Engineer: 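Please see the structure below; I have some questions.
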Amino acid sequence: MNVLKNALKKISYVLFPKRCELCGQIIEIDDSVCEDCKNPPLIKPPLCTHCGAAKDDCICKKHKNEYKKIVAPYYYKDSIVTAIHRFKNSDMTFLAERFSKDICKYIEENCSDITFDFVTFVPLRYLKEKRRGYNQSEILAKRIADYFDLEVVACLKKVRYTGVQHKKSASKRRADIFGAYDVDKKYIGNVEGKTILLIDDVKTTGSTLNECAKMLKIYGADLVCCASVAVTNRRKK
């Protein structure tokens, strides 16, 4: 029976090759990720918590952010780009488990001096979330909140369409994002005086996280810190 089962398994693999969970490359039948993705390079501490990059790579000018810190385990490059796109757009929500574990580790290492009251996340436009079926940042937020035994409060809402952002310049992003988010009226009382952990999947220029953190502070939040799967790597030349 085992011989037949193994034979059928191999035939199935020939017809339907198994692919890496992260990058989608064809892999061996007993693996879950390819060799390149088994240990994707993490951002090496110490971190610049202003931009999220390693201090050796940091070229940020420390412009004022609305959030106190940003931490992320990965740079947004190579297989991580593919993995995040699969997580967001291909219903591969199981990747949240892998991502959230690494995010939690970086939060513990870099935010140990902060006691959070609750976790929230960057919202999607209603029609976009309905079409996709889920908000990837919300899924991450729930796993991270479970790890730290915190509540998830969906206190933010997107109130204006901003279009596709990833190909725009930093200044254009800031202009487009301005006024695009607000705090839901029914959650205003939850925000006042609180220390909040804000989750997104990727931090590129930081415009989205800044706008969300700004609105939380307008409604009385005491402090906002951010965490994401990846940050854009603006390395020194």
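Here the structure is a predicted model, which is why all the values come from computation and not from measurement.
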Engineer: Could you tell me if the side chain of Y147 sits less than 4.5 Å from the side chain of I107, heavy atoms only?
Structural biologist: no
Engineer: Less than 4.5 Å apart, side chain to side chain, heavy atoms only: is that true for I103 and P73?
Structural biologist: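 With C-beta onward as the side chain, the pair touches.
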Engineer: Quick one, Y219 and D182 - any side-chain contact, counting heavy atoms below 4.5 Å?
Structural biologist: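 In short, these two side chains touch, coming nearer than 4.5 Å.
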Engineer: Less than 3.5 Å apart, any donor N or O on the side chain of Y134 or D91 sitting next to an acceptor on the other?
Structural biologist: no
Engineer: Is there a continuous path of hydrophobic side-chain contacts, each under 4.5 Å between heavy atoms, that joins L42 to I144?
Structural biologist: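 Same hydrophobic cluster.
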Engineer: Should D200 and S137 be marked as a side chain to side chain contact (heavy atoms under 4.5 Å, CB included) after you check the CA-CA gap, both sets of side-chain angles, and the distance that decides it?
Structural biologist: CA-CA 5 Å; D200 201 5; S137 297; 2.9 Å; yes
Engineer: Are D113 and K69 close enough for a salt bridge, meaning some N to O gap below 4.0 Å?
Structural biologist: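 K69 and D113: salt-bridged.
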Engineer: Under a 4.5 Å cut-off applied to non-hydrogen side-chain atoms, are C111 and K68 in contact?
Structural biologist: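 The answer is no, as the side chains (C-beta and beyond) never meet within the 4.5 Å cut-off.
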Engineer: Let me see the working for T195 and T115 under side chain to side chain contact (heavy atoms under 4.5 Å, CB included), right down to the final yes or no.
Structural biologist: CA-CA 7 Å; T195 298; T115 301; over 6 Å; no
Engineer: Quick one: pull up CG in N110 and CD1 in I70 and give me the separation to the nearest 0.5 Å.
Structural biologist: 10.5 Å
Engineer: Taking CD in E192 as the centre, count heavy atoms belonging to other residues, nucleotides or ligands within less than 6.0 Å. Is the count above 12?
Structural biologist: no
Engineer: Would you say the side chain of K88 lies within less than 4.5 Å of the side chain of R132, judging by non-hydrogen atoms?
Structural biologist: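 Touching, per the 4.5 Å side-chain cut-off.
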Engineer: Check K158 against P123 and note the closest heavy-atom contact, atom names and distance.
Structural biologist: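 Result for this residue pair: N-CG, 3.7 Å.
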Engineer: Can you find a pair of side-chain heavy atoms, one from F118 and one from C155, that are under 4.5 Å apart?
Structural biologist: yes
Engineer: What do the steps show when you test T205 against T232 for side chain to side chain contact (heavy atoms under 4.5 Å, CB included), and what is the final call?
Structural biologist: CA-CA 8 Å; T205 64; T232 301; over 6 Å; no
Engineer: State whether the number of non-hydrogen atoms from other residues, nucleotides or ligands found under 6.0 Å of D149 atom CG is greater than 12.
Structural biologist: no
Engineer: Side chain of R143, backbone of K101: donor and acceptor closer than 3.5 Å?
Structural biologist: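 No, R143 side chain to K101 backbone: no donor-acceptor pair under 3.5 Å.
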Engineer: If the threshold is 4.0 Å, N to carboxylate O, is there a salt bridge linking K44 and D56?
Structural biologist: no
Engineer: Quick one: do L198 and I139 end up in the same hydrophobic cluster if we chain Ile, Leu, Val, Met, Phe, Trp and Tyr together by side-chain heavy atoms under 4.5 Å apart?
Structural biologist: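 Per the 4.5 Å side-chain linkage, L198 and I139 are not co-clustered.
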Engineer: What distance do L124 atom CG and R131 atom CZ have between them, rounded to the nearest 0.5 Å?
Structural biologist: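 The CG atom of L124 sits 10.0 Å away from the CZ atom of R131.
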Engineer: Would you say CZ of F94 has more than 12 non-hydrogen atoms from neighbouring residues, nucleotides or ligands within 6.0 angstrom?
Structural biologist: yes
Engineer: Between F148 and F116, is the ring centroid distance below 6.0 Å?
Structural biologist: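 Judged by ring-centre distance (under 6.0 Å), F148 and F116 do not meet the cut-off.
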Engineer: Just verifying a value: how many Å separate L223 CG and I114 CD1, rounded to the nearest 0.5 Å?
Structural biologist: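 So the CG of L223 and the CD1 of I114 are separated by 5.5 Å.
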Engineer: How long is the gap from CD on E151 to CG on D146, to the nearest 0.5 Å?
Structural biologist: 11.5 Å
Engineer: If I compare all heavy atoms of C34 with all of C20, which pair ends up nearest, and what's the gap?
Structural biologist: N-SG, 3.3 Å
Engineer: Determine, using the 4.5 Å side-chain heavy-atom cutoff (strictly less than), whether I188 and M215 are members of one ILVMFWY cluster.
Structural biologist: yes
Engineer: Should we count NZ of K186 as having more than 12 external heavy atoms under 6.0 Å?
Structural biologist: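 Not buried by this count: 12 neighbours or fewer within 6.0 Å.
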Engineer: Which heavy atom of I43 sits nearest a heavy atom of A53, and at what distance?
Structural biologist: CG2-C, 4.1 Å
Engineer: Could you pull out the closest heavy-atom pair between A221 and I196, with the gap in Å?
Structural biologist: CB-CD1, 3.8 Å
Engineer: G52 and V231: which non-hydrogen atoms are nearest, and at how many Å?
Structural biologist: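 Looks like O-CG2, 3.8 Å.
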Engineer: Crowded around K214 NZ? As in, over 12 foreign heavy atoms under 6.0 Å?
Structural biologist: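 Buried by this count: over 12 neighbours within 6.0 Å.
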Engineer: Which pair of non-hydrogen atoms, one from C48 and one from K55, has the smallest distance, and what is that distance?
Structural biologist: N-CG, 3.6 Å
Engineer: Determine whether V229 and V202 make a side-chain contact, defined as any pair of heavy atoms from C-beta on separated by less than 4.5 Å.
Structural biologist: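 Answer no - side chains too far apart.
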Engineer: Say whether L156 and I218 are linked into one hydrophobic cluster, either directly or through other cluster members, by side-chain heavy-atom distances under 4.5 angstrom.
Structural biologist: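 Shared cluster, yes.
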Engineer: Nearest 0.5 angstrom please: E211 CD to E66 CD, how far?
Structural biologist: 8.5 Å
Engineer: Indicate yes or no: at least one non-hydrogen side-chain atom of V152 is less than 4.5 angstrom from one of F121.
Structural biologist: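 When only atoms from C-beta onward are counted, F121 and V152 do touch, with a gap below 4.5 Å.
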Engineer: Drop me the distance from K64's NZ to N210's CG, to the nearest 0.5 angstrom.
Structural biologist: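 K64 NZ to N210 CG: 8.0 Å, rounded to 0.5 Å.
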Engineer: Quick check on the hydrophobic clustering: are L47 and I80 connected, directly or via other members, by side-chain heavy-atom contacts under 4.5 Å?
Structural biologist: yes
Engineer: Hey, can you tell me if Y74 and F99 have their rings parallel, tilted or perpendicular (30° and 60° cut-offs)?
Structural biologist: perpendicular
Engineer: Would you please test S100 and K142 for side chain to side chain contact (heavy atoms under 4.5 Å, CB included) and show each step?
Structural biologist: CA-CA 9 Å; S100 61; K142 287 178 177 178; over 6 Å; no
